[in-house]
Amino acid sequence: MFAVWCALALLALLPLSQTANPGVKVKLTQKGLEYGRQIGMATLQSKLKSIKLPDMSGKVKVSHIGKVKYRITGMRIVSLGLPKSTVGLVPNTGVSVSIQNAFINLRGNWRVRYRFIRTSGSFDLSVSGLSISSSIAVKSDKTGRPTVSSASCGARVGRLKVKFHGGASWLYNLFRSFIGKALRKALEKQICPRVAEAVSEMNPRLKTLNVLAKVDKYAEIEYSMAATPAVSQQFIEFGLKGEFYNIGKHQEPPFVAAPFSLAAKNTSMLYIGLSSFTFNTAGFVYHKAGALNLYITDDMIPKKSPVRLSTKTFGVLIPEIAKRFPNLMMKMLLKSANPPKVTFQPKGLTVEATGTVTAYAILANGTLVPLFILNLEASVSAQAYIAGVKVAGAVAINNIGITLGQSYVGPFQVKSLDKILLMVLKLVVIPLVNVRLQQGYPLPALGKMSLVNPQLLIQKDYMLIGTDVHFAP
């Protein structure tokens, strides 16, 4: 593609949605456009080499000679170069591409008839100082995926030189300038259609955009556009919805995205800002799906642990349990009370979670008998990192607070359970959560895109990823 198909794919992710503020922002820098230019020039050069000029024939009146019939056939390109090209941003408009000092060399056959004279031979046509300028329009198709087309194009041949071989040189030299003008016009007419074809070839690749990316069996994330792209001379910045949904059921959360601004950085090709809104919609989705609820049994606790999920262990702290349910195994149900809340600060990422812990005694027949219900508040610190084209993470407990919700075994000191509950969370719950977080969730990506040297920085209210990109063939 002539004008950076990979860059444009990152500029036009979908038609505008109804979200007031984006949950995700993406900034494409001049460095990113430059990488796209390098890819695009190779594609355009291949497309221009396919130019086939039609055979030409006619009559030309030559002074002092009269009418000369000519025919030019078999024209083909033998070499082509695009040594100088630039891609830029037009504020409030879009992307522009310019090519200067390009050259094309063609070869063909000629035939001339003048009265009783018939002669023929071959010719070489060299074109230098060729310039091409183009702008590209980005729209969306019926499915909401981006499509591109050439909005404008202009091509101008600078210098054109024709060298004939064979035949009567005195004769073809008489109409050399006329043939040159005809070839110039025919060539200029062929260039822009090839540019348009090259641009159109982007569209199948754009259809690989993960506009609605599946995360797991519970959730998917939508990357539709939420704001009109802002184009400056240095970068293009655009906002994506960046919202998690239950698969097949897009219910909006009871909160909206707050505005945020990306830091002024331009050393990487691409910057992606993920706001706390995006992560909090994930919490809303998983809470609503019941994915944050977990039954904890004794076989989930490491065998080396001295603490077991049994009435014997808990009976030491709550004697009534040992008295009523001697030597029974126990089960706990950890259940989220509200969606967890994620907060971004320069010092780090924290998660505040609330829930309940219900403890059961397991009778011989498998019946669960409730023992008590605890209200749980937990503060969790989190680390995020890039894995492939995903954001992954890991969490660790900072502190917990518990209060008694209900007791079925009489009054007892809730604080005595702090250490046991903290141990269960660290040994069972946190490892399970981290296994899931290590799988990550997908970033907006196109086809075989990979991130190169990504850097992640926590800012106030959002996470910033600065990265170069690479597109595999």
Side-chain angles (χ1 to χ4, degrees), residues 1-3 37-63 65-86 97-134 150 153-201:
M1 198 294 299
F2 159 43
R37 180 196 64 80
Q38 296 172 18
I39 296 176
M41 287 306 104
T43 305
L44 178 61
Q45 185 163 327
S46 175
K47 184 62 63 173
L48 290 177
K49 283 183 178 179
S50 69
I51 288 178
K52 294 185 182 301
L53 294 178
D55 294 345
M56 301 170 59
S57 61
K59 298 179 181 179
V60 57
K61 188 175 181 180
V62 179
S63 300
I65 296 294
K67 291 182 178 181
V68 176
K69 293 182 178 181
Y70 70 90
R71 182 173 177 79
I72 297 177
T73 60
M75 289 179 283
R76 62 197 182 280
I77 293 178
V78 294
S79 63
L80 181 148
L82 307 175
K84 185 179 180 181
S85 60
T86 57
V97 181
S98 176
I99 297 174
Q100 302 84 33
N101 298 328
F103 65 87
I104 301 177
N105 294 316
L106 300 94
R107 185 164 295 164
N109 302 311
W110 64 270
R111 183 181 298 274
V112 169
R113 179 179 178 184
Y114 170 67
R115 295 185 179 180
F116 301 106
I117 301 174
R118 299 189 182 191
T119 185
S120 62
S122 62
F123 71 91
D124 292 312
L125 171 66
S126 62
V127 176
S128 59
L130 171 64
S131 62
I132 305 172
S133 61
S134 177
S150 178
C153 177
R156 183 178 180 276
V157 172
R159 182 184 178 190
L160 188 147
K161 183 178 180 181
V162 184
K163 185 176 182 180
F164 291 91
H165 307 285
S169 60
W170 66 269
L171 185 57
Y172 56 66
N173 281 332
L174 295 175
F175 63 93
R176 182 190 300 272
S177 62
F178 175 83
I179 295 299
K181 291 179 181 179
L183 291 174
R184 177 192 297 270
K185 184 177 180 180
L187 185 60
E188 290 179 341
K189 188 177 180 181
Q190 288 284 322
I191 292 173
C192 282
R194 293 301 188 278
V195 172
E197 289 176 11
V199 173
S200 295
E201 286 188 3

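From a predicted model like this one, the values you see are computed outputs, not experimental measurements. As a basis for the values below, the full set of heavy atoms in this structure was taken, side chains included, without hydrogen atoms, waters or symmetry mates.
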What is the minimum heavy-atom distance between A186 and L53, and which atoms define it?
O-CD2, 3.6 Å

One should read off an interatomic distance between L160 CG and K185 NZ, to the nearest 0.5 angstrom, of 14.5 Å

Taking the side chain as everything from C-beta on, heavy atoms only, tell me whether W110 gets closer than 4.5 Å to V162.
no

With rounding to the nearest 0.5 angstrom, report the CG to NZ distance, N101 to K84.
6.0 Å

Derivation of the side chain to side chain contact (heavy atoms under 4.5 Å, CB included) call for C192 and S150:
CA-CA 9 Å; C192 282; S150 178; over 6 Å; no

Atom NZ in K49, atom CG in L44: separation rounded to 0.5 Å?
11.5 Å

Using the rule given for side chain to side chain contact (heavy atoms under 4.5 Å, CB included), can you reason through R37 versus V97, listing the C-alpha separation, both sets of side-chain angles and the distance that settles it, and then say yes or no?
CA-CA 9 Å; R37 180 196 64 80; V97 181; 5.9 Å; no

Nearest heavy-atom contact between A102 and P83 is CA-CD, 3.8 Å

Closest non-hydrogen atoms of P54 and Q190, given as atom of the first, atom of the second and distance, are CD-NE2, 4.4 Å

Taking all non-hydrogen atoms of both residues into account, name the closest pair between I99 and S85 and its distance.
CG1-CB, 3.9 Å

Using 0.5 Å steps for rounding, measure from the CG atom of N109 to the CD1 atom of I72.
10.0 Å

For S131, enumerate each residue passing the side-chain contact (heavy atoms from CB on, under 4.5 Å) test, keeping only those at least two apart in sequence or located in another chain.
R156

Distance col, row K47:NZ vs I191:CD1, nearest 0.5 angstrom, shows 14.5 Å

Smallest separation among heavy atoms of L183 and F123, with atom names:
CD1-CE1, 4.2 Å

Under the salt bridge (Lys or Arg N to Asp or Glu O under 4.0 Å) rule, collect the residues that match up with R107, sequence neighbours excluded.
D124

Any donor-acceptor pair under 3.5 Å from S46 side chain to T43 backbone
no

Would you find a donor on one side and an acceptor on the other, under 3.5 Å apart, between the side chain of R113 and the backbone of R111?
no

Nearest 0.5 Å, please: how far is OG in S126 from CG in L106?
9.5 Å

Please name the residue in the list L48, L80, V157 that meets the side-chain contact (heavy atoms from CB on, under 4.5 Å) test with L130.
V157

Show, in sequence, the C-alpha distance, side-chain angles and deciding distance for E188 and V127, and conclude whether the side chain to side chain contact (heavy atoms under 4.5 Å, CB included) test is met.
CA-CA 11 Å; E188 290 179 341; V127 176; over 6 Å; no

F164/V112 under side chain to side chain contact (heavy atoms under 4.5 Å, CB included): CA gap, chis, key distance, verdict
CA-CA 12 Å; F164 291 91; V112 169; over 6 Å; no

